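See structure below.
Counting convention: from 1, in listed order, for ligands and their atoms alike. Only a predicted model underlies this, so the values are computations on that prediction, with no experimental measurement involved. Numbering starts at 1 and runs along the sequence shown.
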Amino acid sequence: MIRIALDGPSGAGKSTVAKEVAKKLGIIYVDTGALYRTIGLYVQKKGVDKNDREKIISMLDEIKLDLVFKNGVQDVLLNGEGVGDTIRTGEIAMYASAVSAIPEVRSFLLETQRKIARENSVIMDGRDIGTVIMPDANVKIFMVASAKARAERRYKELIAKGEECTFEQVLQDIEQRDKNDSTRDVAPAVAAKDAIRFDNSKLDKDQTVAEIIKIIKKKTKKKLNKFYKFIKFLFAKIAKLILRVKVKNPQNEVFGKPYIVCSNHTSMADAVVTIIAMKNQVRYMGKKEAFKVFGWFFKAMGAYPIDRKNGDVGAIKKTINILKEGDCVGIFPQGTRHPYENPRDTEIKDGVGMIASRAGVGILPIYIKTKCNKVKIFRRTEVIIGEYISPEEISFPEAAGKEKYKKISEYVFDKICTLGENAEVK
Ligand code: DC
């Protein structure tokens with residue numbers, strides 16, 4: 001599980017950035033401002049003054065809020081009905097700002113936010129996420145931009161929407177909201193002590209997303225043990241020369257959560273080239289017998305022994321446990337090596353589907369591309385890293401048991417083959 005807290009003042013671009021980051025990392029984006037806005041909407045609809053604290057507090061009993069996600073897009077259900085974009089007006093923003101300063105409103109929303117963070121990998125944006133909602137977040141970012149830069153962006157947006165306004169008005173609104181949000185007694189929008197302060201005044205959206213992803217990756221990268229690092233370094237040098245390994249799309253690698261690395265399988269060297277290509281440590285299983293002599297070496301490299309006599313059950317259980325401990329594992333969907341064959345023509349096993357489904361993890365597809373479909377000395381080997389496949393993408397709710405495992409394995413292997421087909425080997 002990965003939890004990212006993204007706090008900061010209004011209009012710093014948190015939601016735009018969080019949406020993109022969530023998509024790239026395959027996690028849920030939770031917009032907590034929408035909850036305050038929904039309460040603001042309810043208050044406004046009831047014709048209650050936004051500064052009438054007593055009345056607002058007494059109305060909380062009438063409100064039931066639920067967060068729902070459709071294709072990764074969040075909506076808030078207000079007493080069972082989706083509010084959609086009705087909470088996105090300037091007027092409701094002012095109501096939200098007022099109700100969010102009421103401690104009873106904040107405690108009313110606390111559990112809804114914490115529950116979703118407990119049960120999912122999330123990037124959550126708001127004002128008090130790093131300080132109150134997820135004080136144990138893996139990464140805390142406090143995103144700021146100068147009031148002028150934010151007003152300029154907002155002004156452009158409003159004009160594009162055809163709304164009438166002046167730049168001065170927009171700037172004034174932003175300054176007013178900043179003041180409300182940062183000077184109030186309860187949960188003022190201030191950075192957590194361990195948050196990284198990030199100013200994006202001079203960056204556009206894509207640059208901001210790229211920088212935020214960099215910060216997250218750096219913060220969540222698992223520390224590799226020294227021996228693993230050393231051997232990997234040595235191997236990498238040798239493999240670059242002998243296997244001529246070239247990595248494509250290294251930016252697709254995902255950090256901070258466990259998943260299965262799946263590739264086509266043509267040679268014993270496949271695990272080695274994958275380990276070299278990835279920054280994360282990838283753990284492969286090995287025959288128990290091989291551990292008798294070189295056990296210390298394999299173990300230090302993260303490999304784990306499998307007793308073939310006890311069949312696949314032991315292997316599956318062990319692999320699920322390793323994933324649950326937070327490590328990445330490598331599995332070949334084809335089960336055995338298939339050199340010199342087009343992977344599309346080979347049979348695949350259901351193991352990957354079963355493990356991914358039972359461990360609730362996603363998959364990183366990789367295609368190991370060589371001439372003639374076999375990794376060989378002095379032959380160019382391209383390791384093409386595909387886009388992360390999230391657990392939701394392979395949830396296949398309509399299928400169950402073996403049928404579901406098969407579907408997942410086939411889906412993933414199709415992605416792997418497509419990666420290979422779309423790439424040229426030089
Ligand atoms: O991010 P936003 O503009 O949708 O937020 C609406 C209001 O809610 C804003 O004035 C600040 C407040 N808010 C808050 O106090 N705490 C949060 N976690 C999120 C938003």
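- Shown in contact with G33 at under 4.0 Å from a heavy atom are these atoms of ligand 1, numbered in order with element: 4 (O), 5 (O), 19 (C), 20 (C).
- When the options A5, A96, G40 are ranked by their closest heavy atom to atom 7 (C) of ligand 1, first place goes to A96.
- We find that E157 and R154 are joined by a salt bridge, their nearest charged nitrogen and carboxylate oxygen being less than 4.0 Å apart.
- Which parts of ligand 1 touch G126 is read off a 4.0 Å heavy-atom cut-off, strictly below it: atoms 17 (C), 18 (N), 19 (C).
- Ligand 1 places these atoms under 4.0 Å from at least one heavy atom of S97: 10 (O).
- Among protein heavy atoms, the minimum distance from atom 4 (O) of ligand 1 is reached at R37 NE, 2.6 Å.
- Applying the ring pair (Phe, Tyr, Trp, His ring centres under 6.0 Å) rule to F298 yields the partners F291; only residues at least two apart in sequence or on another chain are considered.
- The residue from D270, T319, V329, I275 that alone fulfils the side-chain contact (heavy atoms from CB on, under 4.5 Å) condition with Y284 is I275.
- Checked against a 3.5 angstrom limit, the closest N/O atoms of D31 and ligand 1 fall outside it.
- Proximity to S100 (heavy-atom distance under 4.0 Å) selects the following atoms of ligand 1: 12 (C), 15 (O).
- The shortest N/O to N/O separation between R88 and ligand 1 does not fall below 3.5 Å.
- Enclosure of atom CD in E81 is not indicated, since only 12 or fewer non-hydrogen atoms of other residues, nucleotides or ligands lie within 6.0 angstrom.
- Ligand 1 has no nitrogen or oxygen under 3.5 angstrom from a nitrogen or oxygen of Q113.
- Applying the 6.0 Å contact sphere to CZ of R197 captures no more than 12 heavy atoms from other residues, nucleotides or ligands.
- The side-chain contact (heavy atoms from CB on, under 4.5 Å) test with I4 singles out one residue from V122, I129, L25, and that residue is L25.
- Of the polar atoms of S10, none of the N or O atoms is found under 3.5 Å from an N or O of ligand 1, judged by distance alone.
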- Task: Kindly indicate, with the supporting measurements, whether the criterion side-chain hydrogen bond (donor to acceptor under 3.5 Å, both in side chains) is fulfilled by R106 and Y36.
- Result: CA-CA 9 Å; R106 303 203 76 85; Y36 293 93; 3.1 Å; yes

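- Ring pair H265/F332 is parallel by interplanar angle, where below 30° counts as parallel and above 60° as perpendicular.
- Looking only at heavy atoms of the protein, atom 15 (O) of ligand 1 is closest to R184 NH2, 2.7 Å.
- At the top of the distance list for atom 14 (C) of ligand 1, counting protein heavy atoms only, stands R127 CG, 3.4 Å.
- Inspection of the Q169 and D173 side chains reveals no N or O donor paired with an N or O acceptor under 3.5 Å.
- Counting only N and O atoms by type, the side chains of Y411 and E393 include a donor and acceptor under 3.5 Å apart.
- Counting only heavy atoms of the protein, atom 16 (N) of ligand 1 lies nearest to R106 NH2, 2.9 Å.
- Closest to atom 19 (C) of ligand 1 among all protein heavy atoms lies T32 OG1, 3.4 Å.
- Counting only heavy atoms of the protein, atom 8 (O) of ligand 1 lies nearest to Y36 CB, 3.6 Å.
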